[in-house]
Every structure is written in C-alpha cells, then in structure tokens.
Undergrad: 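Can you keep this structure in mind? I'll have questions shortly.
It should be emphasised that the depicted structure is a prediction, and the values quoted were computed from it without experimental measurement.
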Amino acid sequence: MDLRFEICNLRSLMPRYDAKRLEPKWQAFWEEHQTFATGPFDPNKEKMYVLDMFPYPSGAGLHVGHPEGYTATDIVCRYNRMKGKQVLHPMGWDAFGLPAEEYAIKTGTHPAITTAKNIETFKRQLKSLGFSYDWNRELATTDPDYFRWTQWIFLTLFDTWYDATCEWTGPDGVQRIGRGRPISELPIPADVASQGDVAVRRYQDKQRLAYQHEAPVNWCPALGTVLANEEVIDGKSERGGHPVERIPLRQWLLRITAYGDRLATELDNLNWPESIKLMQRNWIGRSEGAEVDFFLGHEFDEWQAARAKSGFPREPADDVLRVYTTRPDTLFGATYMVLAPEHPAVDRLTTPEQRAAVDEYRQQASFKSDLDRTELAKTKSGVFTGGYAINPINGEKVPVWIADYVLISYGTGAIMAVPAHDERDFEFATKYELPIKAVVQASDEWLGSHCSQSAVEFEADLLNSLTQSQALGQISDLLDENGNLKDGHLKATVLRMLYILHPENFDSAFPEMGFSINSGDYSGLKSKIFATRITGDLALQGFGRKAVNYRLRDWLFSRQRYWGEPFPLWHELDADGQPTGLLRVDAESALPITLPEMADFKPTGTPEPMLSKAPESWLFKTASDGTKLKRETNTMPQWAGSCWYYLRFVDNKNSSAFIDPQVEQQWLPVDLYVGGAEHAVLHLLYSRFWHKVLFDRGHVHTAEPFQRLVNQGMILGEVEFTGYEKSAGEWVSSAEVTDDEDGNAILKSTSEKLATVKLSPDAVKKSGDSFVLTDYPDIRIESRAFKMSKSRGNVINPDTVVENYGADSLRLYEMFMGPLEQVKPWSMQGVEGVFRFLSRVWRTITDDRADDVRLNPAMQDTTPAEPQLRLLHKTIKAVTHDIETLGFNTSISRLMEFMNEVANWNVRPVSILRPFVLLLSPLAPHLAEELWQLLGGTTTLAYEPWPKFDPKLVEDSVIDVPVQINGKLRAKITVAAKADQGTIEAAARREDTVVAQLEGKTVVKVVYVPGRMLNFVVK
RNA sequence: GCGGGAGUGGCGGAAUUGGCAGACGCGCUGGACUUAGGAUCCAGUGCCGCAAGGCGUGGGGGUUCGAGUCCCCCCUCCCGCACCA
C-alpha cells in the first residue's frame, strides 16, 4: 500500500500516523540537542559499551541486514539509558578495501572520493533509521588520524617478541605463562652477540611478532594481489571467485600462532555463542602429540647411544627425519614415511634411480594451485624417494615417500604413516601396496563389519590346523552342524587374530583408541596410557618429545594493493640499491605514513605491489647516517583497521595516544558486541590477538575485548515458490530435480537441464510435507527463501521501506520477524502488519478525526481501574524481561496484546498510556517521542526512568485452572488464586464434563500443581 | 566425512522448572461501515467430524499422572570445517 496515496487523496486533513512527518522531526531534535552524545565518563553511573560491527561502506548502500543488528543494539542502548546507565554507542566505517580500488581501476576515480561518497550515503541511511549513535565518535579506518594509530600498533607488534616461558600475573589478576615483551628485552645468545650489531638485528627480526617470510602465497592474478589463506575458498578467491595460484613471495606475517593457546583457552569465560567459540577453537586447531626423530643413516646403534647422551635436539640435524604425530601409541605401526614434496630432506633421500620420478612429482606439486590440490584430493598420489629411515622404537627400516597429502606448513612437514589406524595413510598404502601393521586392537563390531571375504578362508585355515592338531574333538561343541564356528565369542576371537596377523584383510583404517597389540613391551596398554608412557620413554632416550601443534597459521599481513594502510617501515639498501634485509621503522612522530598521490590505479600485473609505482620522493630517502632507504611497498589488509576500532571509539579525538589509559579502564571491555556470524573466526580472532598483544604490553587492562557477543541471523529474501519444467507446460516434480556443479537445476535421472519458473502463491497448495501445483497435484514445488542477491532480484532496500512505512515500522518489523540470532525470510506483508500496529497506537492515543494532532477524547486523567493497572504492570514486567534477554519479537507481541485491550476501552487513563509509550520507545522511538510530547512531555523521553512494575499487580487474584483426566484436558475452572487443593478439587468435581468422565471410574490419584493444573488419574 | 544448529498451523513464529500447544503477527473466511476498499471495525481460523469426540509439535520407541520440552534410534534441512598427521 502506498502511504502517499492515502494522505493525498483521502485524509489529507486528518492527522493520521504520518511517519514521514514525525521521523525527520525527531531526528532533527536529537541531533540539535545532542541527545545521544555520551559526554564525559560519569563514575556515578554504571557504564555500558554497546558495539555494532561497523560496515564496509559499499556503493550499494545499506542492506536490510545491517539495520537488524543495529536496531537490536539501539533498543538495548535506549533501554539502558532509561535504566540510568551511561551508554557508549558509536558507529564508524571500515573503509579501506578492494571494491573502492577496483572502482578506481575501472573509472580512475580516487578510492578516497568513492569512499567518502559511500560513507555519506550510509550515514544518511543510518540517520534515517533513528539510531541513537553518538556521532561525535564517528571514525573511518581511512582517516589519517585513525590509521596513524593502526600503524602505531603495527610498530608495537614489530617491537614485540613472544616469551613463551615468561610467567606473570596480568592486571586482571590472572596468572599466565607466555607474554609478549619488548624486543629490547630479548636475550641475545652470546654467539650471536659476538658477531656484532648486524647479527643481533637479524636475530631480533626473526623473533618479532611482525616478521618477513618468503613462502608460497596465494597469488590471484585477476585481483592482482596475494590473498590470505582465509580469503581463498576451494582454490578460488573469496571475493569474485577467481582462480588462485601458489607462488613464493616475500611477505609480512604476524605471529598469531604464538598466541594460539591463549586465544583458545581464554574463550572459555566469554559470554559468546558456544558455536562461535567452537568454530574458533577448531580454527586454532590445537593438538597434542609428540615429535619423533627417525634415523636416516646406517649406524643405528651408535646413533641410539649418542642420542641417549645428547637428548632430543631442539632443531633436527640432517641425519634424521622429524615427524609430528598425535598418536605416538601407533609408533610400532609406522610402515612407511611421507614427506611433503617441498620438504628440504627430499633431495638428500632421493636415490639416483628415483630422481627423475621424484623431480617430476615435486614440479607438478609446485605448480598445483590450491584448486588443483583440492580437486585431486579424492585420490592420493605420491612417489617413493628410494630412501629409508629407521623407526627409533624398534629399529625397523621403513621406506620414505613424498606425497602432497602431507603439507609442508603443518607440523614438521613429514609424517610417520600408520595405515592401519589412519584413513589417509590407509588409502595411500592400499594404492601403492605398502605394508599395513595393526597396533591397536579394533572393536569386535568394527572387525565384524569391515572384514573382507578372506576372513572365511582364514577361519577355514584355522579350523584345518586345529583339526590337524587333533584339537577338533575338544572344540567340537563350538562348531555348528556344518563344521563352522558358531557365532559369538569364538567368532570374535578369530576376527581378532586375523586382525593381528593380517590387517590387510579389513577394508579401512581403525582410527579410534583401544588396546595396543604388536607393540613389543607396550602391547596390551590402553592407547592413552601408551601414548603418555612412550612419549616419556622417547624423551628419556632422546628420540622424541611431547609437542603441541596448531592448525592456525601465522597471519599473512601484507597486500599488494593501494587502498590500505602503508607500513611504517623502510628497507636498508646497499650501494647498488639492493635491499640488505635490514629494516628501519618510522619514528612515532613521523606517523601517519599517508598514501602517495597516484594517478594510475592499474595493478602492476605482477606480484609487485601497487605502491612500487609511487613517486620516488615517497619511495626513497636517505637516513641521517647516510644509509639509503626504500619504503615497504605492501599495504595492510582490510582486517587491520577493524582489529582495534572498538578501542578508538572510546577516545577518538586523542592526539597523543591511541587511547588514554584511564578512559580505556573506564569503558572497556565492550559489554555487548552484535554482528554477523560471517566474522565468527577471522575478524574476531584477529581482534582478540591484537588485544592480547596490547594487553601484554600494558596498553589495555583486560585480556579480552568483547565480553558478550551476539550474532544476528541473516535476513533472506521473500519466500519463493519454484517449479521446474522440461519445456513450457511440461512440469517436473521437484523430487526428481537436483543441482549440477554450477547450481543449475537438472533432472536427477538424465541430467537434462530444466527451466525454473517462479510461481505465484495462488498457483500452489500444501500437500503433505511439501507444496504442489494446484492444477497438477502430482507436481511438487520447491518452496524456500534465498539469500538476497542482485542476480536473484530479491534485494530489499531499506530506503524503500522507510519511504513507504517509516523507520519505526522497519525497525519494529525486523525485530518482530523472529529471534535475533535466527535466519529468517523477509515479508513485505509482515512490515504492513507492524505498520498497522503503530497506526493503531497512534489512533488510540491521538484523535484521528480532529483537524490537528490532539489527544483522543478517550484519553482522560482518571484513576485507572484495577484490571487496567494489572494489564499495564504485566506488560511492563514482560517487556522488561524480554528486552533484557534480547527477546524483541516477544516484547513486541506483549505491546500488541496490550494495545488490543486498550483499543476497546472507552476511557483510556493517561497514567496507563504514558508508561506504555515509554515501553514502546526503545523499539519505535520516533512515534514514542511524538506521543510523549502529546501526553505532556516537554523534552525527549530518552532519559525518562524506565517504568517499574508492582509485583502485587502482576499476580491475578482469580485464575483459570485446567482440569485433566489422565493427562487430557477436560475442563477449566475459575478459582481464587489462593484456593487450596481441596477447594479446587471440589470445584472440579462439580464440572459437568468432569462428572461425565469420572462416572463409573475409580480415582487412583489426584495430582495438583499449584496454580498450574489439576489432574485426576483414574482407572 | 567431521563438527554445530534446527524441524511446531497455509506462512513468520510463541510456549520459566516437564503442567491449558499454537501467544503475537501475516494470510484466509464471513460480516459491519461504505459509491468503492488495498482503510477501519467485529467474528472465525491446527486437522478430521453435523456433533459427542478423536487426532495433532519431522518419524519410531521409551520414562512419567502428564512430554514440543527428558532418554534411545532414525529421517530431513541449514551453517561451519574439510588431507592439519
């Protein structure tokens, strides 16, 4: 429906609910009076820091997904202000990033211009929704005043090394082992110190949390940049889906792995969704196990003896292969070893005969992009090096292979393969016919369901040998009439024996824990105990040690793009202009390092960063000591700016520090952080990492930045009914349809491509569990809502909703749709529903028949009747509870129920409606302000005390008690709330239906739950 | 494959500790006011049944006086991870 039509044509003189008039009015009022400016910290009030994930201001403008979380936090903020808390609620812009730069490449428009324009749009849209942000705290990550401090924090990371053994107690009173410390405190080994200053600097550079590393990186030619592992999905770029190649390149990395343990364990006490915590723990992927050295030479006994003396060396020498395993209890089952193709020992191990095959395989692997590796993951491949290593536990010689299912970047880049107890090793061993040795006894069920046909032959052999040994007479009771073993224990025993002797007769690996077999003196131990014991024994003998590994990798922190923060770093150059590998940092006073002006935004087409095309004056300088310097030309990733914005909001005007320590103490941590689950891992992990470094270095006083986290669920487009046809009119039931790899609908049976037809709701009906065509009830229809996307054409623009229904309706609808965390489909009719509610509120309080805005004649200054008071107080109680638990959908339904009642009252006491307006105000602030004014308010209601309920008025004096017979509802009786069981039972027995039901039966028992129900158990 | 979450009317969703299933809204049906209704108001609306009554929270079992809620098995959908040794 069209509001303008209504207003212009029909009721132009009558003051209907007119969001378009009153919303801008109150937005202007709030702005003019600085209603939501936080002001200086007030120690007499409880503080509350409520944060939204700030948006990337894209050219497309605000999406209906944005206001979902923003409305939720706005309600929380408005509610808490009324509860007397001092609320900090800021908003800003995550404004560096690829789209603005891609637009610059296309059009030549400077990213700064595009960004400013987009910010303008976003800000206008957010303001039109009436959010109570303190706009004085606005910031953009692209502001030089902001990224000055991003660069400063980078320098702090650069200035920090992780002392893994440092024991200390933080300002939060928690004892920790491991701390980021100033690089100046890094102990320098004497042999390094003796080599002079340059050696010391190089030694320090290796230990810093920000360090350079030459490594294969994800180079995306289409985007002209290197991407972080996290930005690559199935070998394609997350943004745009372009192919990604692996090439070696010098990069900046942040040593997030140093904090892996703390990032995982310190999640425990956070009030976050368990699913998010779990995702982070999985991402960090901490595993415990052991490192073990396999000897590569011939004099095993000598090596053993040497190791017994020297112990396990820190770094492996060339005479061993070091592996990492989480299952040291399977060490006896290692029948071969596998190295990653990139492993440095491959060359040494490869025999002349195998050289050609190995080289070819290594070359193939190096060319493989992640996409290829993923595609080929289904079948394992590898090559024998010709070399052997010796298992330290039993002196067995095992062949060494290379295969790309072993990753150079995890563990030691080498594994001991235990095909009997690892699926991957099993698959590989089966393919290349490598030996399999069982060292953990599998469970009987597993043995029964995984043994192959040959078990029968084995059984026959066994029986045969038993017969020959004339044992048959003694075991005949265990045989059935055909001479086969009866089922039961004996069958299990045979299978166990088969597994111990011939595990290759089973069709998969047994990766679980159990009792060890074939493991020398360790046989019979439980896997867990075995693992602990052997790890200790290995350490004593100098063959191994306990080890911890993380799936988490160090964070690739450099990008080759223009539109990002420059690094405040210089590379020293030698006389020939070549980098020496030594670095210098910009002085704090030189910050911010701003981007050079550039006219040409075309990518270099090579992995060489964009900034290498910067003017010479920006790129080069000579230090005071005469050293020639070249700037670092990489820029920081978009994550950098969003890592710490919550800190700057607290003190965004500070020009002498990134945050004032006292202000930091007052406002942090963030009490409530709301945003999409797509940031469950990356942003939140990176932020926590930076925060912990700042914590270790004494800049913040809490170990965690975000105390409570809530993820809002995605809003999908309107539900669509989709039918499939082979050709026009020839329908195919959706049960016979599936998707091909590209997402096209195809016929399951023939893979024939099908046309999709969007159907109107009238053309379909429900039948059983699914929808069918009304005209052809055999044809099933797909009914679902899709993610909003331009290509699908189901995007809802918030501006349109505001234009037609107003911001309050949009806010209310988004909250009314369902629980905040849940994924839910949009419905324009639903918006109309809440709009009708707000209109009803308006009409109930104002006089819509008058010529101007005035109170409805039913609104009177009378003493409310008791039922009216009860209704109000029950509503206060329910709405308060629901807002506190973020149950906005139910709080709105309580307000609706209230209104449904009040609309029937001929006299509406002002003293009832005024608190109602306050209850409504966090949800629909514009309308509430307008009504508040009409009800005599002289200023904003934003700081009016939140209504309190009287406990006496929320309890009913008379209640309905359901009466059940054998658990089935048969009647309801109305009794005084205080009535005792006897009274209630007597009343129930007078009910006709109860009398009829009890007739001829014996009451065995009567269950009475006070105030809830009465149940007669009868026979 | 592994991990997590969820299945309740035609639709979105309600339902403290196990205690009236379906609040509230949409949609739909009928009516009122109307030149008109896509405004507003009133009534109805889980399914079957004329009714009495019966059946109902993905399916099957169980515990209980009583199960959407607790336990076991199974099915479907969504999300995350995916050779991490």
Undergrad: Which nucleotide in the set B/G19, B/A85, B/C83 lies at the smallest distance from any side-chain heavy atom of A/Asp404?
TA: B/C83
Undergrad: In whole Å, what separates the P atom of B/C70 from that of B/G7?
TA: 11 Å
Undergrad: The criterion is side chain to side chain contact (heavy atoms under 4.5 Å, CB included); which residues satisfy it with A/Thr844, sequence neighbours excluded?
TA: A/Arg840, A/Met899, A/Val902, A/Ala903, A/Arg908
Undergrad: Take the protein atom CZ of A/Phe786 and the nucleotide atom C1' of B/C78, then report the distance between them rounded to whole Å.
TA: 13 Å
Undergrad: Quick one: which residue pairs count as a side chain to side chain donor-acceptor pair (under 3.5 Å) with a foot in residues 811-823 of chain A, not counting sequence neighbours?
TA: A/Asp74-A/Arg811
Undergrad: How does protein reach along nucleotides 23-33 of chain B, written 5' to 3' as B (base within reach of a heavy atom under 4.0 Å), S (only sugar-phosphate), or - (no contact)?
TA: BBSSS------
Undergrad: Check the side chains of A/Tyr405 and A/Asp425 for a donor-acceptor pair under 3.5 angstrom, ignoring hydrogens and angles.
TA: yes
Undergrad: Could you tell me which residues satisfy side chain to side chain donor-acceptor pair (under 3.5 Å) with A/Gln964, sequence neighbours excluded, listed by chain and number?
TA: none
Undergrad: Which residue, A/Met279 or A/Ser839, contacts RNA chain B at a nucleotide closer to its 5' end, judged by nearest heavy atom?
TA: A/Ser839
Undergrad: Does B/G31 count as syn, meaning its glycosidic angle lies within 90° of 0, or as anti?
TA: anti
Undergrad: Could you tell me how far B/G56 sits from B/G61 if I compare only their P atoms? Round to whole Å.
TA: 11 Å
Undergrad: Which value, in whole Å, describes the distance between the C1' atoms of nucleotides B/C42 and B/U64?
TA: 44 Å
Undergrad: How many Å lie between CD on A/Glu821 and C1' on B/G13, as a whole number?
TA: 14 Å
Undergrad: For B/G13, does OP1 or OP2 lie under 4.0 Å from any side-chain N or O of A/Gln822?
TA: yes
Undergrad: Is A/Glu68 salt-bridged to A/Lys824, going by a charged N under 4.0 Å from an acidic O?
TA: yes
Undergrad: Among B/A85, B/U40, B/C20, find the nucleotide with the atom closest to the side chain of A/Arg843.
TA: B/U40
Undergrad: Give the stems involving RNA chain B, where a stem is 3 or more consecutive Watson-Crick or G-U wobble pairs (i with j, i+1 with j-1, and so on) under 3.5 Å.
TA: B:1-7 with B:75-81, B:10-12 with B:24-26, B:27-32 with B:40-45, B:46-48 with B:53-55, B:58-62 with B:70-74
Undergrad: Please identify which of these residues, A/Ile415, A/Val292, A/Asn549, meets the side chain to side chain contact (heavy atoms under 4.5 Å, CB included) condition with A/Tyr324.
TA: A/Asn549
Undergrad: Would you please name every residue forming a ring-ring contact (aromatic ring centres under 6.0 Å, His included) with A/Tyr410, sequence neighbours left out?
TA: none
Undergrad: Mind checking A/Met1013 for me? I need base, sugar-phosphate or nothing, with any heavy atom below 4.0 Å counting as a touch.
TA: base
Undergrad: Under a 4.0 Å threshold between the charged nitrogen and the carboxylate oxygen, would A/Arg286 count as salt-bridged to A/Asp261?
TA: yes
Undergrad: Say you pick atom C1' in B/C77 and the same atom in B/U8; how far apart are they, in whole Å?
TA: 15 Å
Undergrad: One thing to verify: whether A/Arg327 and A/Asp329 come together as a salt bridge, which I'm taking to mean a side-chain N less than 4.0 angstrom from a carboxylate O.
TA: yes
Undergrad: Restricting to nitrogen or oxygen on both sides, can you table the protein-nucleotides 55-59 of chain B pairs closer than 3.5 Å?
TA:
none

Undergrad: Can you say whether a donor on the side chain of A/Lys972 sits under 3.5 Å from an acceptor on the base of B/C20, or the other way round?
TA: yes
Undergrad: Please state how far atom CG in A/Leu812 lies from atom P in B/G12, giving the value in whole angstrom units.
TA: 20 Å
Undergrad: Under the rule for ring-ring contact (aromatic ring centres under 6.0 Å, His included), what residues qualify as partners of A/Phe530, not counting sequence neighbours?
TA: A/Tyr522
Undergrad: Just wondering, are more than 12 heavy atoms of other shown residues or ligands nearer than 6.0 Å to NZ in A/Lys431?
TA: yes
Undergrad: Rounding to an integer number of angstrom, what distance separates B/U69 and B/U63 when you compare their P atoms?
TA: 15 Å
Undergrad: A/Arg970 near the nucleic acid: base, sugar-phosphate alone, or nothing, with a heavy-atom cut-off under 4.0 Å?
TA: sugar-phosphate
Undergrad: Give one of base, sugar-phosphate or nothing for A/Asp882, where a contact means two heavy atoms less than 4.0 Å apart.
TA: nothing
Undergrad: Side chain of A/Arg551, heavy atoms from C-beta onward: which of B/G13, B/A82, B/A85 has the nearest atom to it?
TA: B/A82
Undergrad: Going by the side chain to side chain contact (heavy atoms under 4.5 Å, CB included) test, name the single residue among A/Thr330, A/Leu321, A/Val338 that passes it with A/Met416.
TA: A/Thr330
Undergrad: Test of understanding: with ring-ring contact (aromatic ring centres under 6.0 Å, His included), list the residues that count as partners of A/Phe816, not counting sequence neighbours.
TA: none
Undergrad: Can you tabulate the close N/O pairs, meaning under 3.5 Å, that link protein atoms to atoms of nucleotides 1-11 of chain B?
TA:
{"unit_1": "B/C11", "atom_1": "OP1", "unit_2": "A/Lys766", "atom_2": "NZ", "d": "3.0"}

Undergrad: Sticking with atom C1', work out how far B/G49 lies from B/G53, rounded to a whole angstrom.
TA: 8 Å
Undergrad: Please state the P separation for the pair B/G31 and B/A23 - nearest whole angstrom.
TA: 24 Å
Undergrad: Suppose we screen for ring-ring contact (aromatic ring centres under 6.0 Å, His included). Which residues come up paired with A/Phe510, at least two apart in sequence or across chains?
TA: A/Trp446
Undergrad: Can you list the residues that meet the side chain to side chain contact (heavy atoms under 4.5 Å, CB included) rule with A/Lys437, with sequence neighbours excluded?
TA: A/Phe332, A/Thr335, A/Asn394, A/Glu396, A/Val439, A/Asn518
Undergrad: Once you apply a heavy-atom cut-off of 4.0 Å, does A/Ser287 come out as touching a base, just sugar-phosphate, or nothing?
TA: sugar-phosphate
Undergrad: Determine whether the aromatic ring centres of residues A/Tyr432 and A/Tyr336 are separated by less than 6.0 angstrom.
TA: no
Undergrad: Between atom CZ in A/Arg286 and atom P in B/A85, what is the gap in whole Å?
TA: 12 Å
Undergrad: If the P atom of B/C48 is compared with that of B/A67, how far apart are they to the nearest Å?
TA: 25 Å
